Each structure stands twice: as C-alpha cells, then as structure tokens.
Number of protein chains: 2
Amino acid sequence: MSVRILIVDDHPLVLEGLKSLLADVESVQVVGTASNAIDAIAFLKSNEVDIAFLDINLPDISGIDLCKKVKDQFPDVKTLALSTFNERAYVSRMIQNGASGYLIKSSGKEDILEAIAQVQAGGYFMNVQFDQVTPATAPKTVPFLTRREKEVLVLIAEGLTNPQIAEQLFISVTTVNSHRQNLLIKFEVSNTASLIKLAAGLGLI
Amino acid sequence: MSVRILIVDDHPLVLEGLKSLLADVESVQVVGTASNAIDAIAFLKSNEVDIAFLDINLPDISGIDLCKKVKDQFPDVKTLALSTFNERAYVSRMIQNGASGYLIKSSGKEDILEAIAQVQAGGYFMNVQFDQVTPATAPKTVPFLTRREKEVLVLIAEGLTNPQIAEQLFISVTTVNSHRQNLLIKFEVSNTASLIKLAAGLGLI
DNA sequence: CTAAAAATCATGCTTTTAGAGGATTGTTCG
DNA sequence: CGAACAATCCTCTAAAAGCATGATTTTTAG
C-alpha cells in the first residue's frame with residue numbers, strides 16, 4: 001500500500017511542486033492539501049493520513065504549533081516540517097513537538113523520497129545543512145520563549161521602548177525590563193541589536 | 001507566439017511548482033530553469049527569453065543584484081521578482097533595478113498568468129499586499145547608505161556598542177554616533193531595534 | 001496537591017543611546 | 001570653481017537600556 005501524504009502549505013507553488021514531484025512515484029500518494037492549519041485539522045478528522053508535511057510559516061498558526069496539535073489529536077500521523085530556512089533552531093522545536101523530521105524546501109526529489117521512506121519506517125529524517133548557520137552568533141538551541149517574552153520581543157522589534165511596551169501591555173516598566181533581560185539571557189546576547197538580529201534570522205519577528 | 005520564460009530559483013519545489021502550473025498554458029513556455037545567478041546569466045547568453053522570474057534569495061548573489069546584471073546585459077529581458085516575503089521595501093529595490101514587477105510566491109495561478117500578460121505587454125505587475133506591512137516602520141524607499149554607514153550598521157547588528165565600534169574602526173565615538181544618527185534618520189526609525197529589524201528584513205545584515 | 005516555572009513588581013546604579021546643534025576637512029562632479 | 005556630500009570631530013542633556021538582587025503572586029504540569 002502506498003504512503004498517504006497530506007501537504008500543508010500556504011504557497012500554491014509549493015503544493016504544486018510537491019504534488020508534481022510525487023505524482024509519478026508509485027509508493028506515494030498525495031491524498032490532500034491544505035493551505036492553513038484549520039483546513040489541515042479538518043482534513044485529518046475525516047481522512048486517513050500517514051505523513052503530514054507541515055510548512056513552518058502558515059497564515060493562521062505556526063507550523064510548530066500545528067505540529068503539536070496534530071500529534072495531540074492524531075498521534076498516529078507522522079509529521080515532517082517544511083521550511084525555506086535551514087536553521088538548526090527549528091529542528092529542535094519541531095522535534096520537541098513530535099515531528100519525525102525536517103525538510104528544507106530546497107531539497108531535491110531524492111531527499112524528499114528518502115525522508116518519506118525513513119519516516120514511514122518509524123525513523124527520523126533531517127537534511128538541514130548546519131554548516132551554513134553562522135556559528136558565532138547562532139545560539140546552540142532556540143531558546144524557549146514564554147508567551148509574555150514573545151509579546152515583548154515583537155514590541156521591541158517594532159521600536160517601542162520599555163515605557164511604551166509597559167503601557168501597551170498594562171504592566172509595569174520593571175516587568176517589561178525583566179522580560180527584556182530574560183530575552184537577552186535566553187538568546188545569549190548583551191544588547192537589543194544582537195537580540196533583534198538573531199530573532200529576525202530565526203523568523204521570530 | 002508563446003511567451004518564453006526563464007525561472008531562477010534555488011528551490012526545486014518552486015521550479016517544479018511554477019513549471020507544473022504553467023505546463024498546460026498555451027501562451028506560455030518555460031524554456032529554462034536555473035538555481036543560481038551564474039547559471040541564469042549563462043542561459044540568457046545562449047537563449048532567447050522574454051521574461052525571467054528571479055528569486056529574491058539566491059545562493060550566490062541576491063536576486064536584487066542579479067536583476068541589475070540582467071537588465072544591464074540583456075535589456076530586452078523583462079524581469080519579475082519572486083519572493084516569499086511581501087515587503088514593500090523589496091518592491092522599490094527591484095523596480096529601481098529595472099524589474100517589471102513583483103510576485104509573492106503565495107500567489108495563485110491567476111495572479112501568475114496575469115503578471116506574465118501584464119509584463120509581456122510592457123506594463124508592471126505587483127500583487128504585494130501592502131496592508132500587511134507595518135506602515136509605521138516601513139520606509140518609503142530603501143535608503144542609500146554610504147560605505148561608512150554600512151560598516152557601522154553591521155557592527156551595530158553584531159552587538160557592538162558605540163565605543164567598541166569606534167575602537168574597531170579607529171574613529172571617535174562621536175563620529176560613530178553621527179553615523180548611527182544618520183542611519184536612524186535614513187531608515188526613518190527612532191531606535192536600534194527598529195533599525196536592525198528593517199535592515200535584517202532587507203537582507204542588509 | 002505541590003513543586004517548578006512564569007509573571008509580576010521594586011530599588012539603585014552604570015553605561016549607552018538619542019537628540020540638538022554645530023564645525024572642519026576632504027572629495028566629487030557638473 | 002562652487003555646491004553637495006561624506007567623513008570626521010566636538011559639547012551637552014535627557015532618556016533608555018543594561019545589570020544586580022530580591023520578592024510576591026499566579027499558572028502550569030506532574
């Protein structure tokens with residue numbers, strides 16, 4: 001029996017590309033596509049799927065969160081992350097959320113088929129080229145950020161100062177500062193410039 | 001006669017996707033693909049092409065620079081920028097370098113065909129949703145930076161403070177500060193965080 | 001339930017940025 | 001040549017960020 005695949009990506013090009021690449025492969029069958037998380041979950045509710053390809057960047061919720069949802073609601077469905085970025089960071093996040101692997105979109109046909117085979121067999125697959133990541137500034141792992149820290153981070157990136165952020169979130173300036181300090185510590189940097197550069201590189205903002 | 005298309009993108013998926021989407025369209029013919037700038041230039045030297053689709057992010061040089069090269073060496077070839085990002089900033093950069101338009105990769109088939117028709121007729125096409133761009137922080141045009149300003153910008157992004165930058169460049173702290181102020185003014189932002197976010201978004205750092 | 005983690009707030013201090021307002025040397029280009 | 005621009009330097013002030021230390025409350029997860 002062929003492996004049943006669901007592709008979740010908001011880019012028609014990627015959907016088409018993957019479908020096209022997998023169309024003439026006997027052992028694989030693309031049974032559905034979705035361009036957002038809601039459709040993806042809906043599809044899984046009424047269809048049998050072996051492997052779900054999840055884009056990291058989706059319009060509604062991030063692929064990382066979707067991965068968690070899928071593994072919670074459909075433990076038997078294996079998930080494979082899809083992304084244009086080859087950041088070491090994403091791997092650990094996705095694996096933490098139960099993904100069976102990680103595939104960069106610049107992968108060739110062989111990589112993709114290899115990934116499907118590997119994952120279907122119960123293994124892991126990841127073809128990220130770690131070497132390309134700037135070793136000096138890249139943190140070992142992606143720091144796990146709390147809800148509040150993420151909020152503060154995006155507001156910092158938008159150019160708000162601590163007092164402005166405090167006003168926006170209805171909290172005290174010292175609290176904002178605490179979150180800010182924690183961000184610096186978690187990202188292992190010593191100032192805002194490095195923080196934003198890293199966060200931007202990771203697609204967090 | 002059908003429109004001859006060259007697609008330049010380092011993602012096999014995008015190449016496949018576009019080819020697949022355009023395969024059954026009579027009026028369009030994908031005559032070649034390239035996954036980097038060098039191959040793209042080489043192809044153009046020995047083939048007739050009407051429109052070149054250029055990815056913003058290429059392994060060797062950026063699509064923005066490639067666009068300039070193409071327009072310099074092959075003025076008759078019309079170029080269309082391709083990117084996953086819908087940043088207002090890219091548009092002006094590409095248009096400044098002679099692009100006839102801008103297409104986000106999340107575009108549907110209709111958009112793509114519309115873009116080809118529009119560009120082939122000598123017009124412009126851009127389907128970027130400006131609304132999604134934060135209007136407060138996005139500059140109208142990409143500021144032109146001087147050599148020194150660029151140097152200071154990357155050092156700021158690396159997390160150095162003004163005194164450290166001064167030491168590195170063998171200039172006074174006040175000079176560094178001047179450059180920094182000019183950067184803020186040119187990017188129309190009021191602090192480092194916004195500056196780095198913008199610069200990162202533009203691929204400057 | 002309970003322990004850990006997160007979110008909240010405070011005080012005090014030092015360093016860095018942001019901003020205003022110049023001024024001087026070059027270089028480049030019409 | 002002269003205007004424009006780049007790069008360099010200066011002073012001064014206020015605001016913001018960075019750093020340390022510690023404490024309370026709420027939430028989360030085993």
Side-chain angles (χ1 to χ4, degrees), chain A residues 64-65 68-69 71-72 75 93 96-98 137 139 141-200 204-205, chain B residues 136-137 139 141-200 204-205:
Chain A
I64 294 173
D65 294 333
K68 197 189 180 85
K69 272 194 206 294
K71 297 305 286 188
D72 284 349
R93 285 284 282 284
Q96 275 171 28
N97 282 357
T137 53
T141 57
V142 165
F144 174 73
L145 303 181
T146 67
R147 182 192 108 256
R148 223 35 168 175
E149 283 164 357
K150 280 183 210 165
E151 288 175 354
V152 171
L153 176 59
V154 302
L155 292 177
I156 292 173
E158 282 177 12
L160 303 197
T161 66
N162 283 352
Q164 290 172 324
I165 295 171
E167 196 181 0
Q168 183 108 3
L169 298 180
F170 304 107
I171 57 180
S172 129
V173 180
T174 60
T175 306
V176 176
N177 201 46
S178 291
H179 293 311
R180 193 179 196 125
Q181 302 301 332
N182 288 334
L183 284 168
L184 293 180
I185 292 167
K186 287 189 176 179
F187 277 91
E188 297 177 23
V189 294
S190 59
N191 60 33
T192 304
S194 307
L195 174 69
I196 298 300
K197 187 193 171 192
L198 265 183
L204 264 48
I205 51 178
Chain B
T137 52
T141 57
V142 171
F144 173 72
L145 302 181
T146 66
R147 182 192 106 255
R148 224 33 169 178
E149 284 164 357
K150 280 184 206 163
E151 287 175 356
V152 171
L153 177 58
V154 301
L155 292 176
I156 292 172
E158 281 176 15
L160 304 196
T161 65
N162 282 351
Q164 290 170 325
I165 295 171
E167 196 181 0
Q168 183 107 6
L169 299 180
F170 304 106
I171 57 180
S172 130
V173 180
T174 59
T175 307
V176 176
N177 200 47
S178 291
H179 292 310
R180 194 179 196 125
Q181 302 301 332
N182 288 334
L183 284 168
L184 294 180
I185 291 167
K186 286 189 178 180
F187 278 92
E188 296 177 24
V189 294
S190 59
N191 60 32
T192 305
S194 306
L195 175 68
I196 299 300
K197 186 194 172 194
L198 266 183
L204 264 47
I205 50 177

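Every chain is numbered from 1 and lettered A, B, ... according to where its sequence line falls, protein lines coming before strand lines. What you see is a predicted model, and the numbers here were worked out from it, not measured in a lab.
If you check C/dA10, C/dA18, D/dT8 against the side chain of B/H179, the one that comes closest is D/dT8. For B/N162, taking side-chain heavy atoms from C-beta onward, the closest of the listed nucleotides D/dA17, C/dC9, C/dT17 is C/dT17. With C/dA10, D/dG18, D/dA16 as the choices, the nucleotide that has an atom nearest any side-chain atom of A/P163 turns out to be D/dA16. When distances are taken from the side chain of B/T146 to each of C/dA6, D/dA6, C/dA18, the shortest belongs to D/dA6. Taking every side-chain heavy atom of A/T174 into account, C/dA10 is the closest of D/dG18, C/dA10, D/dA17.
Among the protein residues, B/T175 comes within range of the nucleic acid bases, having at least one heavy atom under 4.0 Å from a base atom. B/N191 comes within 4.0 angstrom of sugar-phosphate atoms only, judged by non-hydrogen atoms across all strands, and of no base. Residue-level contact check: A/T192 touches the backbone only, with heavy atoms under 4.0 Å from sugar-phosphate atoms and none from bases.
For B/I165 and C/dT16, the CD1 to P distance is 11 Å, given to the nearest whole Å. When rounded to the nearest whole Å, the span between CD1 of B/I171 and P of C/dT25 equals 18 Å. If you measure from atom CG of B/L195 to atom P of C/dT16, you get 18 Å, rounded to the nearest angstrom. Atom CG in A/L155 sits roughly 16 Å away from atom P in D/dA16 (whole-Å rounding). Between B/E149 atom CD and D/dA6 atom C1' the separation is 8 Å, expressed in whole Å. Look at CZ on A/R180: it is 16 Å from P on C/dT16, rounded to the nearest Å. Spacing between atom CG of B/L145 and atom P of D/dA7 amounts to 10 Å, rounded to whole angstrom units. The separation between B/N177 atom CG and C/dG21 atom C1' is 13 Å, rounded to whole Å.
Of the possible donor and acceptor atoms, one in the side chain of A/S178 sits under 3.5 Å from a partner among the backbone N and O of A/T174. In this structure, the side chain of A/N191 engages the main chain of A/S194 through a donor-acceptor pair within 3.5 Å.
You won't find any donor-acceptor pair under 3.5 Å spanning the side chain of B/S172 and the base of D/dC10, going by distance alone.
Note: A/F187 CZ to A/I196 CD1 = 9.0 Å, rounded to the nearest 0.5 Å.
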**OP:** Any chance you could lay out the salt bridge (Lys or Arg N to Asp or Glu O under 4.0 Å) test for B/K186 and B/E149, step after step, and finish with the verdict?
**Re:** CA-CA 10 Å; B/K186 286 189 178 180; B/E149 284 164 357; 2.7 Å; yes

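Residues A/T161 and B/F170 both approach DNA chain D. Their nearest nucleotides, taken by heavy-atom distance, put B/F170 toward the 5′ side.
At the phosphate of C/dA7, OP1 or OP2 sits under 4.0 Å from a side-chain N or O atom of A/R147.
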Please report, to 0.1 Å, the donor-acceptor pairs under 3.5 Å made by any side chain of residues 160-167 of chain B, with sequence neighbours excluded.
from	atom 1	to	atom 2	distance (Å)
B/T161	OG1	B/Q164	OE1	3.4
B/N162	OD1	B/R180	NH1	2.5
B/N162	ND2	B/N177	OD1	3.2
B/Q164	OE1	B/T161	N	2.8

